[in-house]
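Model, not experiment: these values are computed from the prediction. Numbering starts at 1 and runs along the sequence shown. Counting starts at 1 for both ligands and their atoms, following the listed order.
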Amino acid sequence: MLQAMPSTSLSGVDALSIHGFDEEAAFLDYLLDDVWDILAQGVRVRFAAAHTPTLATVRHGIPTVRTVVLRAVSRDSAMVFIHADRRSGKVQELNLQPACSLHIYDPGRRVQLRIEAQATVHLDDQIADGEWTRLRSQYRAQQWRAVAADVVHAAPEVAIDDVDGLAEAGRREDFAAIALHVSAIEWQHISSRGPRRARFEIGDNGRGYWLDA
Ligand SMILES: Cc1cc2nc3c(=O)[nH]c(=O)nc-3n(C[C@H](O)[C@H](O)[C@H](O)COP(=O)(O)O)c2cc1C
């Protein structure tokens with residue numbers, strides 16, 4: 001159900017009241033832009049909350065969750081990429097059941113994102129090759145940063161800040177790139193005025209609308 005715009009300013013856009021201007025639609029557009037910004041920042045910024053989302057799959061009928069690193073995002077194709085060991089549980093689970101969810105809570109924005117997606121697992125194709133090449137170049141860049149900081153001589157394994165697991169990038173033959181094809185995103189903001197919740201259907205007939213909190 002579409003609800004009235006909040007009087008608190010999440011964005012500053014609620015100051016707009018041009019005759020005939022659809023404020024609700026503009027505000028929802030703004031929120032969706034912000035969602036993709038959160039994701040893009042999650043790829044770039046290692047300390048951003050969105051850098052390490054939680055991926056949920058189904059294991060023997062039971063939901064199972066784990067932290068992963070956000071590796072790439074494409075708004076144009078509504079895709080999010082993560083990496084994994086192809087022998088891991090999540091890869092087996094996604095091969096059996098591609099429907100999955102990604103969860104992010106960004107405390108700075110007080111925004112929760114629940115991203116619904118269909119996963120495709122890429123092992124020996126162009127997508128996997130591309131992601132592997134990018135991973136290796138990130139690893140090399142990280143090593144250079146460590147050398148520049150002169151920490152690598154002391155204790156290479158522990159001195160490098162390795163939240164991305166780059167030091168354990170492993171072997172190409174074990175590598176899997178997982179593409180999450182985003183079908184819907186639920187946005188929720190918590191404030192003293194209570195929660196606000198919006199849902200965005202992604203795709204050809206994409207649309208955004210408010211949900212009862
Ligand atoms: C900070 C952090 C980042 C992680 N990033 C990844 C990742 O990008 N890919 C991955 O497969 N596992 C990652 N892991 C490990 C997973 O959370 C999980 O423990 C492991 O992949 C086994 O999960 P599975 O048995 O469900 O496949 C990460 C763990 C932590 C704590």
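The shortest N/O to N/O separation between Ala84 and ligand 1 does not fall below 3.5 Å. For ligand 1, none of its N or O atoms has an N or O atom of Val68 under 3.5 Å away. The N/O atoms of Asp85, backbone and side chain alike, include none that comes under 3.5 Å of an N/O atom in ligand 1.
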Leu180 and Leu55: side chain to side chain contact (heavy atoms under 4.5 Å, CB included), yes or no, with the steps? CA-CA 10 Å; Leu180 304 181; Leu55 172 72; 4.3 Å; yes

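The heavy atom nearest to atom 14 (N) of ligand 1, out of those in Ile82, Leu55, Thr67, is found in Thr67. Taking each of Lys90, His51, Arg66 in turn, the one with a heavy atom nearest to atom 21 (O) of ligand 1 proves to be Lys90.
Within the listing of ligand 1, atoms 3 (C), 5 (N), 6 (C), 7 (C), 8 (O) sit less than 4.0 angstrom from a heavy atom of Val69. For ligand 1, the atoms sitting less than 4.0 Å from at least one non-hydrogen atom of Ser88 are 27 (O), numbered in the order shown with element in parentheses. Which parts of ligand 1 touch His83 is read off a 4.0 Å heavy-atom cut-off, strictly below it: atoms 7 (C), 8 (O), 9 (N), 10 (C), 11 (O). Close approach to Gly89 involves these atoms of ligand 1, each under 4.0 Å from a residue heavy atom: 25 (O), 27 (O).
Residues in residues 64-110 take part in these ring pair (Phe, Tyr, Trp, His ring centres under 6.0 Å) pairs, two or more places apart or across chains: His83-Phe175.
For the pair Glu131 and Arg134, the salt-bridge criterion is met [side-chain N within less than 4.0 Å of a carboxylate O].
For Ser183 and His181, the side-chain atoms include no donor-acceptor pair closer than 3.5 Å.
Within the 4.5 Å cutoff, the side chain of His189 has no heavy atoms near those of the Leu31 side chain. Looking at heavy atoms from C-beta onward, Leu102 lies out of side-chain contact with Val182 at the 4.5 angstrom threshold.
Only the side chain of Arg59 comes within contact range of ligand 1, with a heavy atom under 4.0 Å; no backbone atom does.
No chain of hydrophobic side-chain contacts below 4.5 Å, direct or via other Ile, Leu, Val, Met, Phe, Trp or Tyr residues, connects Val121 to Met79.
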